[in-house]
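We use all heavy atoms of the structure for the numbers below, so side chains are in, but hydrogens, waters and symmetry mates are not. Protein chains get the first letters and strands the later ones, always in sequence-line order, with residue 1 at the start of each.
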Protein chains: 2
Amino acid sequence: MNLETITKTAETASKRRYEDACGAAHALDLVGERWALLVVRELLHGPLRYTDLAAKLPGCGTNILANRLRDLEAGGVLAKRRLPPPAASQVYELTPYGQALKPVIRELALWGIRSLGPPNFEGQLEPDWLEHALATVFAPVAPAGTFEFKVGELVASIRDGEVYPGPAEEPDAVLEARDPSSFYFLFVERSWDGVTVEGDRDLFEQLLEAASPSAVDAPAATVAA
Amino acid sequence: MNLETITKTAETASKRRYEDACGAAHALDLVGERWALLVVRELLHGPLRYTDLAAKLPGCGTNILANRLRDLEAGGVLAKRRLPPPAASQVYELTPYGQALKPVIRELALWGIRSLGPPNFEGQLEPDWLEHALATVFAPVAPAGTFEFKVGELVASIRDGEVYPGPAEEPDAVLEARDPSSFYFLFVERSWDGVTVEGDRDLFEQLLEAASPSAVDAPAATVAA
DNA sequence: CCGCATCCCCAAAGATACTG
DNA sequence: CAGTATCTTTGGGGATGCGG
């Protein structure tokens, strides 16, 4: 590596910023670029390698991903970590400051889901969508207790505000939804069609109430052509 | 107007979307483009005319603003309204769905302010920054009661979760901060330097506790070159 | 393979001028 | 006042290459 290379590497600065002394504007300076918040969303559930991250973000070019990772690292949102010798790979993980973006992602998701419409076909959803949804949307506001969620083939649970894969031991309430669509309509429109709850139904409704988006009329769901 | 014009107007579609069945991704499809959330931020405090909006967003070209307004209107976030005859002008205002973005802006601001640093000089701040800050950050979580805020020359108050300009009648608690910087450090770092509270201090601390960002270590404040 | 860097193309951002 | 037209610049998106 020669001097030119070093200079070239170092001069990759020159960011485009809002010149605005406002917390929201500054937040957008750090995570407002395209794909940035989706990178954070993925890392909310644990560290990931570059390739796995790329696989979870189809449509994001590898160069863009590399750029975002650099920017987010420079902004103190995430950090690169080298795994101990046996595994010669490295992972990206959120810093505590990056983890603090969870409420932002949560509010965005609560807002966006109302105009998103129910999942159209199974292929749209990742296998771990239920755990992720529970972790970002339900767990942060869950009352004390143990909840089990069965949606279609998937099962996950919440105990004391933490999410676990699979069924729970001695759950206080067990929700069973026919499919992701039923779960969607329960969450967004409070429709109990295709949904049953066993156990402490009041406790479950308390959770649902705490987690649900405020009911304002959203525009018609965007239908993919 | 001829056919070409109409066609030209109609074909201005072709948006760039994340193809992702996730609420957050869909939210970013609607308000994730550059300047979009700042437009929403401005409109949170009431309808604005095009020119006033442009004036509040220096750095945003008029064409970009026009594009964002079109996109946001198409997305059901805001609406264009013609004022009654005497005033021949029109204003942009948030729809109820657009108003529901307030928690998103709020969380963004809470997150961003921790790495923003205190305001450096007075010119950075708009004259109504205090009212806006109270409205988005404090008011939504304010306990019942009346609060008065005196920060430097500015005075505003909160009663029953609503913000009013100027002092309050019979406030339960009155905060007085020497300058915006003192207010910043109180909010972000819980430093009472340059700040005094008269009246029900416990009630005020309750408000502060409810409104403050969780205390995680943020990266060093970004210093403008 | 994994983790990027480089190249090319085009869509969007940014700046400025101009018009009903 | 409320935008549109036009031009330049920047950054995203896709493909490919390449060192470790």
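In this structure, the CG atom of L38(B) is 14 Å from the C1' atom of dA13(C), given to the nearest Å. Going from atom CZ of R82(B) over to atom P of dC1(D) covers 15 Å, rounded to whole Å. At whole-Å resolution of the value, CG in L57(B) and P in dA15(C) are 13 Å apart. Distance R17(A) CZ to dT10(D) P: 16 Å, rounded to the nearest Å. One interatomic measurement links the two molecules: CZ of R49(A) to P of dC4(C), which rounds to 12 Å at whole-angstrom precision. Between I64(B) atom CD1 and dA11(C) atom C1' there is a gap of 13 Å when expressed in whole angstrom units. Atom CG in L65(B) sits about 14 Å away from atom P in dA15(C), given to the nearest Å. Remark: C1' of dG3(D) and CG of L53(B) are 13 Å apart, rounded to the nearest angstrom.
Note: F149(B) and F183(B) have perpendicular aromatic rings, judged against thresholds of 30 and 60 degrees for the angle between ring planes.
Between Y18(A) and dA13(C) there is no side-chain polar atom (N or O) within less than 4.0 angstrom of OP1 or OP2. Contact check, Y50(A) against dG20(D): no side-chain N or O comes under 4.0 Å of OP1 or OP2. Distances shorter than 4.0 Å separate none of the side-chain N or O atoms of W35(B) from OP1 or OP2 on dA12(C). Regarding contacts with the backbone of dA12(C), every side-chain N or O of R34(A) stays at 4.0 angstrom or more from both OP1 and OP2. Listed pair R68(A) / dG12(D) meets the phosphate criterion, a side-chain N or O lying under 4.0 Å from OP1 or OP2. Within the 4.0 Å cut-off from OP1 or OP2 of dC2(C), not a single side-chain nitrogen or oxygen of K80(A) is found. Within the structure, every side-chain polar atom (N or O) of R16(B) is placed at least 4.0 Å from both OP1 and OP2 of dA12(C).
Picking from dG3(C), dA13(C), dA5(C) the nucleotide with the shortest atom distance to the side chain of T51(A) gives dG3(C).
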Before you tell me yes or no, could you show the steps for I158(B) and Y164(B) under side chain to side chain contact (heavy atoms under 4.5 Å, CB included), namely the whole-Å CA-CA distance, both residues' side-chain angles and the distance that decides it to 0.1 Å? CA-CA 6 Å; I158(B) 297 179; Y164(B) 301 91; over 6 Å; no
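One finds a salt bridge joining D128(A) and K56(A) here, because a Lys/Arg side-chain nitrogen approaches an Asp/Glu carboxylate oxygen to under 4.0 Å.
Within the 3.5 Å criterion, the main-chain N or O of R49(B) finds no donor-acceptor partner in the side chain of Y92(B).
R106(B) forms no cation-pi arrangement with F138(B), by the criterion of a distance under 6.0 Å to the ring centre and an angle within 45° of the ring axis.
With hydrogens and angles left out, the side chain of N63(A) and the base of dG14(D) share a donor-acceptor pair within 3.5 Å. On a pure distance criterion of 3.5 Å, no polar donor-acceptor pair joins the side chain of T62(B) and the base of dA15(C).
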